[in-house]
Every structure is written in C-alpha cells, then in structure tokens.
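First the structure, in the form of structure tokens, and then the observations on it.
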Amino acid sequence: MTQKELFHFYNDKFQLIYADLVAIKGDKPTEIVLQIESFVSHLAVANTTTDDEQVKSNLTKAQGHLQRACLDAAKMLWKELKERADRVYKKKGVLDWCIKDTSSTVKSMYQRANDFASEARRIEVQNIGKNPEASIEKYYESANEFQNFLRSIDWDRVEKFSAFDWKNIIKSQIIGFIFGILASAIVAILAWKYLPVS
C-alpha cells in the first residue's frame with residue numbers, strides 16, 4: 001500500500017470499526033492503541049528517511065500494524081456483541097415475550113450473525129500470513145447483525161419479565177416459608193416456657 005492508501009484504509013475502514021468498538025465497550029483497548037502507536041512510528045520513519053528501502057520497509061510494517069489493529073477491533077467488537085446477544089438468546093422466555101419483531105425474524109438475525117462469524121473465521125484461517133484484512137468485513141457484518149438482534153429486544157419488557165422470573169418468585173417464597181417456620185418455632189418455645197400450663 002502507498003501512504004495515501006494507508007490513510008484511506010485508516011479513515012474509511014479502521015476508524016469506523018474502532019469508533020463502534022469504543023462506543024460499545026466504553027474504553028480504548030490497549031492492544032489496539034499499541035498497534036496504532038506502532039503504525040504511526042513506522043510512518044514517521046518512512047517520512048523522515050531518504051533511504052528508499054527504509055521507506056518501503058516501514059510502509060510495509062505500518063500496513064501490517066494497521067491491518068492487525070483493524071482486524072483486532074472487528075473481532076473485539078464481534079466478541080462483545082456476541083456475548084451480549086448470547087446472554088439474551090439463552091434467557092428463557094425473552095424471545096417469546098420481550099421482542100419488537102416476530103420471533104422468527106429475531107432468531108434469523110441471530111443465526112445470520114453466527115453465519116457471518118463462521119465465514120469470517122474460515123476466511124481468516126485461509127489467509128493467515130497472506131492477507132490479514134480479508135476477514136475484517138465479515139467480522140464487522142457479524143457484529144452489526146448481533147447489534148440489530150440486540151436492538152430488536154424490548155429492554156423494558158426484559159426488565160419486567162426478569163422481575164417475574166419463576167426462580168426468583170419460588171426462591172422468595174421459600175425464604176418467606178423458612179422465616180415463617182422459624183418465627184412459629186420461636187413463638188412456640190416462648191409460649192411453652194413462659195405461659196402457665198393449666
């Protein structure tokens with residue numbers, strides 16, 4: 001890549017994915033920050049040397065760091081959104097009662113996201129050492145589809161639904177029952193000890 005192409009890749013692809021990642025995580029992952037620092041360092045060397053071989057070598061290294069940063073950002077974004085989607089998808093009753101669309105539409109979003117991720121992984125494995133950026137687009141598509149899935153969930157309903165979760169209701173009833181037995185036992189013991197027997 002030429003220096004101009006590197007900057008286009010940085011602006012048009014990396015920045016977009018990285019902005020989404022930072023917005024979702026609320027943090028700038030250290031691994032990516034380090035890759036971008038290395039990218040900038042190699043660009044600085046490429047722009048301050050007069051040796052053509054050094055320029056070419058440092059542009060190649062800058063490209064490698066930028067591609068790695070972009071791939072890492074896409075994978076981190078995908079992983080974060082997949083984990084969130086998995087928690088919702090596996091929660092009993094949510095897809096029946098807490099969605100804004102039809103159940104089949106929401107389930108197909110989830111499946112499509114997983115299909116994109118499988119394809120991304122396959123492309124990544126096939127391109128190890130050859131083209132590190134080949135799978136970036138598919139990881140990003142998967143992340144976006146998981147994001148669409150999460151947007152289709154009615155979070156107010158999830159909160160209300162969780163409050164009426166049978167496990168919580170049964171647990172609170174059992175705790176109440178145990179306290180009732182203990183209170184009755186204490187009253188019985190006090191009555192037996194302090195009340196006169198006729």
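Counting from 1, the numbers follow the sequence of the chain as shown. Heavy-atom basis, side chains included; hydrogens, waters and symmetry copies ignored.
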Under the side chain to side chain contact (heavy atoms under 4.5 Å, CB included) rule, what do E141 and E145 come out as? Steps first, then yes or no, please. CA-CA 6 Å; E141 284 177 20; E145 201 59 33; over 6 Å; no
Intermediate values then yes/no, side chain to side chain contact (heavy atoms under 4.5 Å, CB included), N58 and T49: CA-CA 10 Å; N58 277 283; T49 187; 5.6 Å; no
Output for pair (I123 CD1, S118 OG), nearest 0.5 Å, gives 11.0 Å
Among residues at least two apart in sequence or on other chains, which ones pass side-chain hydrogen bond (donor to acceptor under 3.5 Å, both in side chains) with N47? Q3
With a 4.5 Å cut-off on side-chain heavy-atom distances among I, L, V, M, F, W and Y, is there a chain of contacts connecting I32 to L71? yes
In the single-linkage hydrophobic clustering (I, L, V, M, F, W, Y; side-chain heavy atoms under 4.5 Å), do F116 and L150 co-cluster? no
Interatomic distance, I181 atom CD1 to I186 atom CD1 [nearest 0.5 angstrom]: 12.0 Å
Measure up the F39 and Y10 rings against each other and bin them: parallel (under 30°), tilted (30 to 60°), perpendicular (over 60°). parallel
Taking all non-hydrogen atoms of both residues, which atom of M1 and which atom of Q63 are closest, and how far apart? N-OE1, 3.2 Å
Backbone of Q126 reached by a side-chain donor or acceptor of K130 within 3.5 Å: yes
Reference residue F149; test side-chain contact (heavy atoms from CB on, under 4.5 Å); the match among V88, T105, D101: V88
Hey, could you give me the OH/CG distance between Y140 and L21, rounded to the nearest 0.5 Å? 10.5 Å
List the residues meeting side chain to side chain contact (heavy atoms under 4.5 Å, CB included) with I178, not counting sequence neighbours, and say none if there are none. I174, L182
Shortest non-hydrogen contact between S142 and A117, atoms and distance: OG-CB, 3.5 Å
The test is side chain to side chain contact (heavy atoms under 4.5 Å, CB included); show your working for K107 and Y89 and say whether it passes. CA-CA 8 Å; K107 286 177 181 176; Y89 193 83; 4.0 Å; yes
So which atom in A143 and which in L81 form the shortest heavy-atom distance, rounded to 0.1 Å? O-CD1, 3.3 Å
Among the clusters formed by ILVMFWY side chains lying less than 4.5 Å apart, do I24 and V22 turn up in the same one? yes
Group every Ile, Leu, Val, Met, Phe, Trp and Tyr by side-chain heavy-atom contacts under 4.5 Å, then state whether I17 and L34 land in the same group. no
Determine, for K56 against D52, whether the closest basic-nitrogen to carboxylate-oxygen distance falls under 4.0 angstrom. no
Taking salt bridge (Lys or Arg N to Asp or Glu O under 4.0 Å) as the cut-off, I'd like each qualifying pair that reaches into residues 2-24, sequence neighbours left out, listed once. K13-E137
Do L16 and N11 have side chains that get closer than 4.5 Å, going by heavy atoms? no
Given the rule in the side chain to side chain contact (heavy atoms under 4.5 Å, CB included) test, do Q35 and E31 qualify, once you have shown the distances and angles that lead to the verdict? CA-CA 6 Å; Q35 290 289 349; E31 307 94 294; 5.7 Å; no
Any ring pair (Phe, Tyr, Trp, His ring centres under 6.0 Å) involving residues 43-74? Give me the pairs, sequence neighbours left out, ordered by first then second residue. H42-H65
If two hydrophobic side chains count as joined below 4.5 Å and joins carry through other members, does I36 share a cluster with L77? yes
Test of understanding: with side chain to side chain contact (heavy atoms under 4.5 Å, CB included), list the residues that count as partners of R121, not counting sequence neighbours. E124, V125, Y139
Find the distance between CH2 (W78) and CD1 (I136) and round it off to the nearest 0.5 Å. 14.5 Å
Does S57 reach the main-chain N or O of E53 with its side chain, forming a donor-acceptor pair under 3.5 Å? no
Atom pair CZ/CE of R151 and M109 - distance to nearest 0.5 Å: 10.5 Å
Please enumerate all residues that pass side chain to side chain contact (heavy atoms under 4.5 Å, CB included) together with N114, with sequence neighbours excluded. K82, Y110, Q111, F146
